[in-house]
Asker: 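Here it is, the structure, as structure tokens.
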Amino acid sequence: QVQLVESGGGVVQPGGSLRLSCAASGFTFWIYAMSWYRQAPGKERELVARIRSAGGSLNYADSVKGRFTISRDNAKNTVYLQMNSLKPEDTGAYYCNGVRDSNNYWGRGTQVTVSS
């Protein structure tokens, strides 16, 4: 059974940091490209960051470049998102995603709220 379980969300003040984790199981994690998406209330889900299967290629949304870092530990079947210098506009539900060929897996999300 495929599972992606996100954790690490919470409430943080502007300028603060959070580290999200996504634990994967039920598929061959290391061959999948892994991504973090987010969805703010009333908005469409958007790509935040992506890391290729070997970890060598990284992509970031322009809005998070220089503040967020995606990484993966294939030995632990886990992908991370380190979020620094958080802004109120980073508020939303953050989702973990794994893709390879026609397989497309999603987690249930973790809420991040940036507010003073």
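Sequential numbering from 1 along the given sequence is applied to the chain's residues.
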Asker: For Asn59, is there any backbone N or O sitting under 3.5 Å from a side-chain donor or acceptor partner on Arg50?
Answerer: no
Asker: Kindly indicate whether the side chain of Asn97, heavy atoms from C-beta on, has any atom under 4.5 Å from the side chain of Tyr95.
Answerer: no
Asker: Measuring only between side-chain heavy atoms, which start at C-beta, is Trp36 closer than 4.5 Å to Glu6?
Answerer: yes
Asker: Kindly give the heavy-atom pair with the smallest separation between Phe68 and Arg38, and that separation in Å.
Answerer: CE2-NH1, 4.0 Å
Asker: If you compare all heavy atoms of Pro14 against all heavy atoms of Ser116, which two are closest, and at what distance to 0.1 Å?
Answerer: CD-N, 3.7 Å
Asker: Is the closest side-chain heavy-atom distance between Leu20 and Val112 below 4.5 Å?
Answerer: yes
Asker: Report the distance from atom CE of Met34 to atom CZ of Phe29, rounding to the nearest 0.5 Å.
Answerer: 5.0 Å
Asker: Give the minimum heavy-atom separation between Tyr37 and Arg45, together with the two atoms involved.
Answerer: CB-CG, 3.7 Å
Asker: Are Ile31 and Ile51 connected in a single hydrophobic cluster, I mean Ile/Leu/Val/Met/Phe/Trp/Tyr linked by side-chain heavy atoms less than 4.5 Å apart?
Answerer: yes
Asker: Using a 3.5 Å distance criterion without hydrogens, assess whether the side chain of Thr91 forms a donor-acceptor pair with backbone atoms of Val114.
Answerer: yes
Asker: If you measure from CZ on Arg19 to CE on Met83, what distance do you get to the nearest 0.5 Å?
Answerer: 11.5 Å
Asker: Asp101: which residues meet the side-chain contact (heavy atoms from CB on, under 4.5 Å) condition with it, sequence neighbours left out?
Answerer: none
Asker: Would you say Tyr60's side chain and Ile70's backbone share a donor-acceptor pair under 3.5 angstrom?
Answerer: yes
Asker: If hydrophobic clusters are built by linking Ile, Leu, Val, Met, Phe, Trp and Tyr wherever their side-chain heavy atoms come under 4.5 Å apart, do Val48 and Val5 end up in the same one?
Answerer: no
Asker: Of all the heavy-atom pairs spanning Leu4 and Cys22, show the shortest one and how long it is.
Answerer: CD2-SG, 3.8 Å
Asker: If I take atom CH2 from residue Trp30 and atom CG from residue Asn74, how far apart are they, to the nearest 0.5 angstrom?
Answerer: 8.5 Å
Asker: How close do Gln39 and Lys43 get, counting heavy atoms only, and between which atoms?
Answerer: NE2-O, 3.1 Å
Asker: So if you build clusters from Ile, Leu, Val, Met, Phe, Trp, Tyr with side-chain heavy-atom gaps below 4.5 Å, do Leu58 and Val64 land together?
Answerer: yes
Asker: Just wondering, do Val99 and Ser35 contact through their side chains at under 4.5 Å, heavy atoms?
Answerer: no
Asker: Are more than 12 heavy atoms from other residues, nucleotides or ligands located less than 6.0 Å from atom CD of Glu89?
Answerer: yes
Asker: How long is the span from the OG1 atom in Thr69 to the CG atom in Asn84, to the nearest 0.5 Å?
Answerer: 6.5 Å
Asker: Supply the atom-to-atom distance Leu81 CG to Tyr94 OH, rounded to the nearest 0.5 angstrom.
Answerer: 7.5 Å
Asker: So, is the end of the Arg100 side chain (NZ or CZ) under 6.0 Å from the ring centre of Phe27 and within 45° of the ring's axis?
Answerer: no
Asker: Nearest heavy-atom pair of Gln82 and Ser17: which atoms, and what distance?
Answerer: NE2-CB, 4.0 Å
Asker: Just to verify, what does Ser71 make a side-chain contact (heavy atoms from CB on, under 4.5 Å) with, not counting sequence neighbours?
Answerer: Tyr80
Asker: What's the separation between atom OG1 in Thr113 and atom CG in Asp90, rounded to the nearest 0.5 Å?
Answerer: 11.0 Å
